[in-house]
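Data first, discussion second: the structure below is written as structure tokens.
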Amino acid sequence: MEKRFDLTENIEKANAAKLARADESVRHEPSPATADKPVGGSGDKRFKFVALAALAVALIVVSALLYDAAPAGVADSALPTRTPAAVTPSPAPSGEPEPSQAQYVRTSIAVDGEIVATLASREAAEAVLDDVLEHYALLSQADAAHSQFVSEVELRTAAYSAAVLNSEEAYILLTSAETPVRVQSRTTRVTTVSVQHEVLEVEDSNLMRGMRVFESLGRDGIRGVTVQYVFENGALSSETVLSEEVISEVHDTVILVGTLEPRDGTPGRNEGSRGISQGELRFASPVDGVVSLNFGRCNYGFHQGLDYEADEGTDVTASCGGTVICAMERGGMGLVVELDHGDGFVTRYAHLGEILVEVGDEVASGDVIGLVGATGNCDAPHLHFELRIFGRAYNPRYYLD
């Protein structure tokens, strides 16, 4: 400390000596410009400038000496320090907006005016209600968009002290068997319905009483039905047919029932009725022989064609040109050939001894199609000849030339 004061004193003495020399110089050598001015004007300015400079140097030196002489650890702690401002980290950006403060307000679910559950936020309450709608839509196999609350459901702001359920507890409460809510779901479905065909019996005076002949075989139809189903809490409450469409027609079975009373004896030449006109078709006798049994009633039965007496092996010819549609053995009729002549006309040749054509062959009138025989239920060689129009047998005599 003693050295510091001596140094300051020496500096002050040196500055005083400089000032004295300056004043001495001014007094002894005045400049022409300042000869008429009072002594001491410019000298005073220079004095003030030099004094200020010297004082600044002295203060710097004194500060340096004081800093060096301070005890260790005191200088740093004594100096004032600046604490940096606290920096709050910014949240990382995300794809979703931050939830508003209102979403975290406790929210109650009220059903028909009565509070049934309270959740921690409005967002949680809305999510539970969406899950309840989806639950009942799945039970009804309906689209969630077609499900809605029938009960009056509203969300209310709850007091902070209200007891809170978590989302799972609220969901179980609102989907249990004792749920206070009613949810209606609607769905539209298209189904197919089978339409049963009927069996119709039609009386036929050309058939002997007791005879039943299938005129046509029936089949079921199919109908498409569009139905709207309404469910309440997953249980079906109503269904409404919106439209119907026929996919395939129903066809009934038709059975011809004979009403003709039987009589003894043989049928007459013109037994039975004539059918439709044959148009340009021309029919000829299929074999060279004599008719032994006519068409019509006979011995408590009904003969549906003409029987020709002929020797075994006699040629049987096509009565009219046509296509072979049957060439086979057919039970009591023995070997049978059938020809389709068009316009619904078909001729049948039965009890043949041999068949000379095949199905699909085209034959002309007079072509040989088989030989007379005695196959099937018969006692002697002969030809049984039938003429049918749309499946019904008619007396061939009305059509033979």
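- Sorted by first then second residue, the ring pair (Phe, Tyr, Trp, His ring centres under 6.0 Å) pairs that include residues 369-396, not counting sequence neighbours, are His303-His384, Tyr349-Phe385, His351-His382.
- Among all heavy-atom pairs drawn from Pro286 and Leu383, the shortest one is CG-CD2, 3.6 Å.
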* Verdict with reasoning, Phe231 to Asn233, per side chain to side chain contact (heavy atoms under 4.5 Å, CB included) -> CA-CA 6 Å; Phe231 297 84; Asn233 287 10; over 6 Å; no
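- Residue pairs meeting the side chain to side chain donor-acceptor pair (under 3.5 Å) criterion with at least one member in residues 154-163, sequence neighbours excluded: Glu154-Arg156.
- Of all the heavy atoms in Val116 and Pro180, the pair that sits closest is CG1-CG, 3.8 Å.
- When side chains are defined from C-beta on, Ile109 counts as touching Leu119, because their heavy atoms get closer than 4.5 Å.
- Side-chain contact between Thr188 and Thr226 is present, with heavy atoms from C-beta onward closer than 4.5 Å.
- Between Ser140 and Gly234, the closest heavy-atom pair is OG-CA, 3.6 Å.
- His251 and Arg219 are linked by a side-chain donor-acceptor pair at a separation below 3.5 angstrom, with hydrogens and angles left out of the test.
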* To do: Apply side chain to side chain contact (heavy atoms under 4.5 Å, CB included) to the pair Tyr171 and Leu173, showing each step before the final yes or no.
  => CA-CA 5 Å; Tyr171 173 80; Leu173 172 66; over 6 Å; no
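- A donor-acceptor distance shorter than 3.5 angstrom exists from the side chain of Thr179 to the backbone of Leu174, with no hydrogens or angles considered.
- For the atom pair Asp311 CG and Leu371 CG, the distance stands at 12.5 Å (nearest 0.5 Å).
- A donor-acceptor pair under 3.5 Å is formed between the side chain of Arg106 and the backbone N or O of Ala162.
- Side chain of Ser237 to backbone of Val230: a donor-acceptor contact under 3.5 angstrom is found.
- Looking only at distances, a side-chain donor or acceptor of Thr107 sits under 3.5 Å from a matching main-chain atom of Arg122.
- At a threshold of 4.0 Å, the pair Glu232-Arg182 counts as salt-bridged, since one of the basic side-chain nitrogens sits closer than that to a carboxylate oxygen.
- You'll find the side chain of Val357 reaches within 4.5 Å of the side chain of Val363, heavy atoms only.
- With no hydrogens or angles considered, a side-chain donor-acceptor pair links Thr347 and His341 at under 3.5 Å.
- Put simply, the side chain of Thr314 never gets that close to the backbone of Ala310: no donor and acceptor are under 3.5 Å apart.
- Taking each heavy atom of Leu155 and Ala125 in turn, the nearest pair found is CD2-CB, 3.9 Å.
- Side-chain N/O atoms of Asn395 and Arg274 include no donor and acceptor closer than 3.5 Å.
- Listed by chain and residue number, nothing satisfies the side chain to side chain donor-acceptor pair (under 3.5 Å) test with Arg282 (two or more places apart in sequence, or in another chain).
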* To do: Could you give me the CA-CA distance, side-chain angles and deciding distance for Val337 and Leu352, then say whether side chain to side chain contact (heavy atoms under 4.5 Å, CB included) is met?
  => CA-CA 8 Å; Val337 171; Leu352 298 175; 3.7 Å; yes
* **From CA spacing to verdict: side chain to side chain contact (heavy atoms under 4.5 Å, CB included), Val290, Tyr308** => CA-CA 5 Å; Val290 178; Tyr308 288 86; over 6 Å; no
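- Within the 4.5 Å cutoff, the side chain of Arg397 has heavy atoms near those of the Leu306 side chain.
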Side chains of residues 318-335: which donor-acceptor pairs under 3.5 Å do they make with residues two or more places apart or in other chains?
unit_1, atom_1, unit_2, atom_2, d
Ser319, OG, Ala284, N, 3.1
Ser319, OG, Ala284, O, 2.6
Thr323, OG1, Glu362, OE1, 3.0
Thr323, OG1, Glu362, OE2, 2.7
Arg330, NH1, Glu338, OE2, 2.7

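- Between the side chains of His197 and Asp220, at least one donor N or O lies within less than 3.5 Å of an accepting N or O.
- Asp204 contributes atom CG, which lies 13.0 Å from atom CD1 of Ile255 (distance to the nearest 0.5 angstrom).
- Taking 4.5 Å as the limit, every side-chain heavy atom of Leu339 sits out of range of all side-chain heavy atoms of Val346.
- Crowding of Asp288 atom CG: a count of heavy atoms from other residues, nucleotides or ligands under 6.0 Å not exceeding 12.
- Within the structure, no pair that satisfies the salt bridge (Lys or Arg N to Asp or Glu O under 4.0 Å) test touches residues 163-179, not counting sequence neighbours.
- Within the structure, the salt bridge (Lys or Arg N to Asp or Glu O under 4.0 Å) test picks out the following pairs touching residues 364-389 (sequence neighbours left out): Arg348-Glu386, Glu386-Arg388.
- Remark: the backbone N or O of Gly218 is paired with a side-chain donor or acceptor of Thr253 at under 3.5 angstrom.
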